[in-house]
Amino acid sequence: MGKKTNYQVIYEVVNRIPAGKVATYGQIAMLAGIPGQARQVGYALHRLPSQTSIPWQRVINSKGRISFAEGSAIWNMQKVILQSEGIQFDRTNTISLRKYQWKP
DNA sequence: CTCGTGACGGTAT
DNA sequence: TATACCGCCACGA
C-alpha cells in the first residue's frame, strides 16, 4: 500500500470544506498533519489542474484575504465563486474569518 | 548535489 | 496599523 503523499492528504482536507465556509492555508496544513507548512498547501493547490472538483477557492490566507494579486483574473474568479457560495467581502476585500472560517 | 522560488504565517520593528 | 524578516520545505532547473 503506497503511503499518501502530503498533496493527497491536503486535497482530502480541502475537499471537506463546505460551501459557504473558508479555511486558511495554515489551518489546512495543520489538519493535513504538516503543521507550520502553509506554503506546501499553497503549492499543492497551485498544482491542481484548471478543471478540478477540489474547492481550492475556499482556501484563503490568515488575514482573511485572497492570496492572489488583487484585480488579477484569477483573483476575480476566486472572489466571484466565493460570493456565489454566500461569502461576503468587506470594502477592503477581506473575508471575516470570525463569520466564515470552517471549524471541523 | 546546490540554489531559487513560493496560492504562507508569526514575530519584531 | 504597516512593513520587514525569517522559518518552513517540496520542487524543478
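Chain identifiers are assigned alphabetically (A, B, ...) following the order of the sequence lines, protein sequences preceding nucleic acid strands; residue numbering begins at 1 within each chain. For clarity, every value in this text was computed on a predicted model and none was experimentally measured.
- Between Pro35(A) and Arg47(A), the residue anchored nearer the 5' end of DNA chain C, judged by the nucleotide with its closest heavy atom, is Pro35(A).
- The existence of a salt bridge linking Glu85(A) and Lys21(A) is excluded, since no basic side-chain nitrogen approaches an acidic carboxylate oxygen closer than 4.0 Å.
- Contacts of Gly26(A) with the nucleic acid, taken as non-hydrogen atoms under 4.0 Å apart, involve only primed sugar atoms and P, OP1 or OP2.
- In this entry the distance linking CD1 of Ile95(A) with P of dA7(B) reads 18 Å, nearest Å.
- Nucleotide dG6(B) holds its P atom 14 Å from the OH atom of Tyr7(A), rounded to whole Å.
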*Are Asn93(A) and Glu70(A) close enough, and set up right, to give a side-chain hydrogen bond (donor to acceptor under 3.5 Å, both in side chains), and what steps lead you there?*
CA-CA 9 Å; Asn93(A) 291 312; Glu70(A) 189 168 331; 2.8 Å; yes
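- Side-chain proximity of Arg39(A) to the nucleotides dA7(B), dG9(B), dG7(C) is greatest for dG7(C).
- Atom CD1 in Ile10(A) sits about 12 Å away from atom C1' in dC8(B), given to the nearest Å.
- The side chain of Ser67(A) places an N or O atom within less than 4.0 Å of a non-bridging phosphate oxygen (OP1 or OP2) of dC8(B).
- Taking atom CD on Gln37(A) and atom C1' on dC6(C), their separation rounds to 15 Å, with Å as the unit.
- The distance from atom NE2 of His46(A) to atom P of dA10(C) is 17 Å, rounded to the nearest whole Å.
- Here the CD1-CG distance, from Ile54(A) to Leu45(A), works out to 8.0 Å after rounding to the nearest 0.5 Å.
- On a pure distance criterion of 3.5 Å, no polar donor-acceptor pair joins the side chain of Tyr43(A) and the base of dA10(C).
- One can place CD of Gln40(A) at 6 Å from P of dA10(C), the figure rounded to the nearest angstrom.
- Distance, Asn61(A) CG to dG10(B) P: 10 Å, rounded to whole Å.
- In this entry the distance linking NZ of Lys63(A) with C1' of dA7(B) reads 16 Å, nearest Å.
- Interatomic distance, Gln37(A) CD to Tyr25(A) OH, rounded to the nearest 0.5 Å: 16.0 Å.
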